[in-house]
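Written below as structure tokens is the structure these notes are about.
Excluded from the calculations below are hydrogen atoms, water molecules and symmetry mates; all remaining heavy atoms, backbone and side chain alike, are included. Quick note: residue numbers are just sequence positions, from 1.
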Amino acid sequence: MAFSNGGSLMETDNHKKREGEGEDEEEDPFLAFIEYARSVISPEEDEDPSGNEEGYNGAGWSWIASRILKTCISYSSGVTAAILLSYLSQAWSEQRRVGGSKKRPEIIDQMKRKHRRAKLPNTVTIDSIYEKNFLSLSSVLEAVVVDAHVLPGTNIYMLTLGDYWSSNTIDLYLHRRYYDLVDPPNGILKKAREIFLTGCYLRTAKEGCGSPRLLPTEYLVILLDEDLDDDAILIGAQFCSDSFSSISHDGVKNGVSYSLYARIESISSLEILEQCGGLQRKQITLVDNDGVKLRFLLWNEQVILANLISVGSMLALDRPYIAIAAESALETSDEFCLEYGTATQLYLVPFVQHEEQVCLSSTQNRTQGSKLHAAADPTQGPKVSQVSLPCDSQGSIDFSNYPFQLFVADLHGKMTGISLYGVVRDVFRERETAGVIFLLKLEDSTGSIWAKLHFSQSWSLGRVSVGHTAYISGLTCSKTKQDRFELSWCETDDGAYFINLSCLPALVNSSCLHKLSRLSDLSSRRNSMHICRVWIDQVDHCHVTTRFSHAPCGHFVKEMPSGAVECSFCHCDCDSEVVMRAFYLKLTLADKNTKIFAWCTGQTAMELLQISPDEFYELSEDEQVMYPSSLENERFIVALVNCKRLAVHGSRDSQTPEADAVSWEITRALKCE
């Protein structure tokens, strides 16, 4: 059934196979990046979500696609894979934290059974950080590493930390001085490792990420347990070969690295050295296994490290800075002093006070029944070859978290939360109907379908035209009495997004989302958007004029016989609307092998001409004629789409009014430096 402007039914035109027919099909770089991103941010859930897992807990296709595009909108100058993966990782981590139950990680529950240590004086809990959205630099975190991983797309290590008193976890950007300790598979900073840290700055949710995070701190101490074989081997192999007596002048001057192990005998109170300009100092007296004593000095901001240690504990110092007292201003009788240098790493075997068991009197004794805690092993559950999706009381299924990309051929009745990605084949306003409704025909590799776009007041999506590549989420599919599918979209619905990729400023400067084409590729892949490196050629054939356009939609206006000004796209009276002067530009683009004739308007034309329409309009007629000659051989990266309507069932015959007989529209342009 063909559509007229007054049509109200939708049709599906499945005239192509998913593999494509009649032209070479290449993998869309944007779609490929979505799949790559999913494998990075939720690899554990991405193992064949259709059949080998019970349910699907990974990131849905539309969830990833929409956040990639929103990030592109935020970073209009372009994005990198690292930026996108970092933002996706943060958003997914927050999604899981908010969506999951406030239950302490299982690894911490297991370790808590053996936890006998008293809290350090300045210890705060992770839960309290979330409650107050504040953390002082002197606060101490007694944490357990729940996970250690590289932030996707970067070489930045992140630790997910929990503690024994909180249900929340928090992420820490690890300081680079500890990177050699987390490098898998044998790094010591791994899951179940206890650490103390202080001197942390808190990055709150308001400052950019979805949840609070801890910025890197140098002041971190790694806890060791002499009862664990791996830790005992580490202490014996790394810290027991050197002693305080083995430190020599020659060794220090020659840069010998020492690894020392000693008991903390005392921690001095804070000293203010007025004779040294008000320097702050704390002295920690250490005694090694031979009974030899040395002082470990902390200066200025380093003094907060003393909050992480306690008298009686064993301190292991790897690569401490060794100061020779005679060559420094230290007033001490010691030959050497230890300091916290730029390469120093600290390990601690905490001192635990032993407890005595005492008998309770009969009046104090209260017997409590024990509780059995059983954890189900998800790997032992039944396997199903399907994905579980929410269904409402009317039988409509919500596909907003569907793991795969949906195609036109996949659509059926009673579907909500649909996201589609494809090329606009037609778009126009439905006339003589109540409300503001536009009809848009979208085509992907499996077919095409019409959708009704409902707006509360007026068109609000910017310039959208034939050949543009669009992502639409929040669609609903239903079946009419005529047994035809009907797609609808409402701009005010939750999860409703319409993003025109062809007009995204970030796209042409984001190599992770596109693949450069040659102009010669355009003839064989006419249904795709192409990003090309070109220069302006044959400026004598360049055609530049200015017209008035309707700002909300970017299309030109026309004067009606009545004298009223009407938008050629929205078909609304523009007298009370924003009308602005815009370029209508037709020019020749060239690369090493081919030339094409293309047109553009709006911001894209301004980028190419490097002048505003109002400034150009003020030039004299001769200056306007000569102006394009200054642009010859200027180089640009451009986005090109085929703006000619295809002669397929259901389309109107005329093409985009602005395009005239020109087949290619330049939708974005970026000047090459």
Side-chain angles (χ1 to χ4, degrees), residues 103-129 135 138-149 157-175 177-200 213-214 216-239 261-264 304-318 344-355:
K103 183 180 179 182
R104 185 183 295 116
E106 184 178 347
I107 185 64
I108 297 181
D109 281 336
Q110 294 172 0
M111 297 175 64
K112 189 174 183 181
R113 301 186 189 109
K114 298 187 295 182
H115 180 72
R116 304 185 306 274
R117 214 175 43 246
K119 273 187 185 180
L120 294 171
N122 289 359
T123 294
V124 298
T125 67
I126 294 172
D127 280 352
S128 71
I129 296 174
L135 181 66
S138 60
S139 296
V140 172
L141 278 175
E142 300 184 42
V144 176
V145 177
V146 176
D147 184 38
H149 60 277
Y157 278 107
M158 301 284 294
L159 299 184
T160 300
L161 305 177
D163 65 37
Y164 293 117
W165 310 278
S166 302
S167 56
N168 284 292
T169 59
I170 195 166
D171 289 335
L172 165 75
Y173 292 95
L174 188 64
H175 196 283
R177 76 189 294 164
Y178 302 107
Y179 274 21
D180 60 324
L181 301 180
V182 74
D183 192 34
N186 300 315
I188 191 170
L189 275 176
K190 57 186 177 182
K191 186 176 181 178
R193 174 63 61 188
E194 291 184 85
I195 60 174
F196 292 164
L197 58 155
T198 188
C200 294
R213 287 189 170 191
L214 302 176
T217 177
E218 294 186 77
Y219 307 123
L220 182 150
V221 173
I222 301 166
L223 272 60
L224 300 176
D225 186 345
E226 291 177 316
D227 294 333
L228 297 177
D229 291 343
D230 288 347
D231 288 3
I233 292 172
L234 174 67
I235 293 170
Q238 184 168 341
F239 295 102
Y261 191 61
R263 179 175 56 83
I264 300 172
I304 59 176
L305 262 174
N307 295 336
L308 306 181
I309 59 180
S310 56
V311 173
S313 298
M314 300 298 294
L315 185 66
L317 302 93
D318 186 33
T344 307
Q345 293 170 348
L346 300 180
Y347 302 80
L348 188 75
V349 180
F351 173 70
V352 179
Q353 290 182 323
H354 294 286
E355 298 175 345

Legend entry - Straight-line distance of Leu224 CG to Ile188 CD1, nearest 0.5 Å: 5.0 Å
Legend entry - Beyond-backbone contact of Leu141 with Ile126, side-chain heavy atoms, under 4.5 angstrom: yes
Inset, instruction - Could I get the full list of side chain to side chain contact (heavy atoms under 4.5 Å, CB included) partners for Ile233, not counting sequence neighbours? - result: none
Inset, instruction - Measure the spacing between CG of Leu346 and CG of Leu308 and express it to the nearest 0.5 Å. - result: 8.5 Å
Legend entry - From CD1 (Ile264) to CG (Leu348), nearest 0.5 Å: 5.5 Å
Inset, instruction - Mind checking side chain to side chain contact (heavy atoms under 4.5 Å, CB included) for Ala192 and listing every partner two or more places apart, or none if nothing turns up? - result: Ile107, Met111
Legend entry - Main-chain N/O of Gln345 paired with Arg177 side-chain donor or acceptor, under 3.5 Å: no
Legend entry - Shortest non-hydrogen contact from Pro105 toward Ser167: CD-O, 4.5 Å
Legend entry - Contacts of Asp318 that satisfy salt bridge (charged side-chain N to carboxylate O under 4.0 Å, His left out) - sequence neighbours left out: none
Inset, instruction - Could you tell me which residues satisfy side chain to side chain contact (heavy atoms under 4.5 Å, CB included) with Ile304, sequence neighbours excluded, listed by chain and number? - result: Thr198, Tyr219, Asn307
Legend entry - Contacts of type side chain to side chain contact (heavy atoms under 4.5 Å, CB included), residue Ser310, not counting sequence neighbours: Ser313
Legend entry - Closest approach of Thr125 to Ser166 (non-hydrogen atoms, all atoms of both residues): CB-OG, 3.4 Å
Inset, instruction - Measure the acute angle between the ring planes of Tyr179 and Tyr157, then classify it against the limits of 30° and 60° as parallel, tilted or perpendicular. - result: perpendicular
Legend entry - Heavy-atom check, side chain of Leu214 versus side chain of Leu135, under 4.5 Å: yes
Inset, instruction - Under the side chain to side chain donor-acceptor pair (under 3.5 Å) rule, collect the residues that match up with Asp231, sequence neighbours excluded. - result: Arg193
Inset, instruction - Hey, could you give me the CG/CZ distance between Leu305 and Phe196, rounded to the nearest 0.5 Å? - result: 12.5 Å
Inset, instruction - Just jot down the side chain to side chain donor-acceptor pair (under 3.5 Å) partners of His175, sequence neighbours excluded, or say none. - result: none
Inset, instruction - List the atom of Leu189, the atom of Ala148, and the distance in Å for their closest heavy-atom pair. - result: O-CB, 3.9 Å
Legend entry - Point-to-point distance, once rounded to the nearest 0.5 Å, from CD1 of Ile222 to OH of Tyr178: 7.0 Å
Legend entry - Phe351 CZ to Ile309 CD1 distance, which is reported to the nearest 0.5 Å: 14.5 Å
Inset, instruction - Return the set of residues passing salt bridge (charged side-chain N to carboxylate O under 4.0 Å, His left out) with Arg117 (not counting sequence neighbours), or none when no residue passes. - result: Glu142, Glu194
Inset, instruction - Run through Thr160, Asp171, Ile170, Leu159 and flag the one making a side-chain contact (heavy atoms from CB on, under 4.5 Å) with Val146. - result: Thr160
Inset, instruction - Not counting sequence neighbours, which residues clear side chain to side chain donor-acceptor pair (under 3.5 Å) with Tyr347? List them please. - result: none
Inset, instruction - Side-chain contact test, heavy atoms from C-beta onward, threshold under 4.5 Å: evaluate it for Lys119 versus Asp163 and give yes or no. - result: no
Legend entry - Check: Ser139/Asn122 side-chain N/O donor and acceptor closer than 3.5 Å: no
Inset, instruction - Grab the two heavy atoms, one from Ile195 and one from Leu197, that are nearest each other, plus how far apart they are. - result: CD1-CD2, 3.7 Å
Legend entry - Donor-acceptor pair, side chain of Thr123 and main chain of Leu120, under 3.5 angstrom: yes
Legend entry - Test side chain to side chain donor-acceptor pair (under 3.5 Å) applied to Thr217 - qualifying residues, sequence neighbours left out: none
Inset, instruction - Would you check if Leu161 and Val145 make a side-chain contact, meaning some heavy-atom pair closer than 4.5 Å? - result: yes
Legend entry - With Tyr164 via ring pair (Phe, Tyr, Trp, His ring centres under 6.0 Å) - residues at least two apart: His115
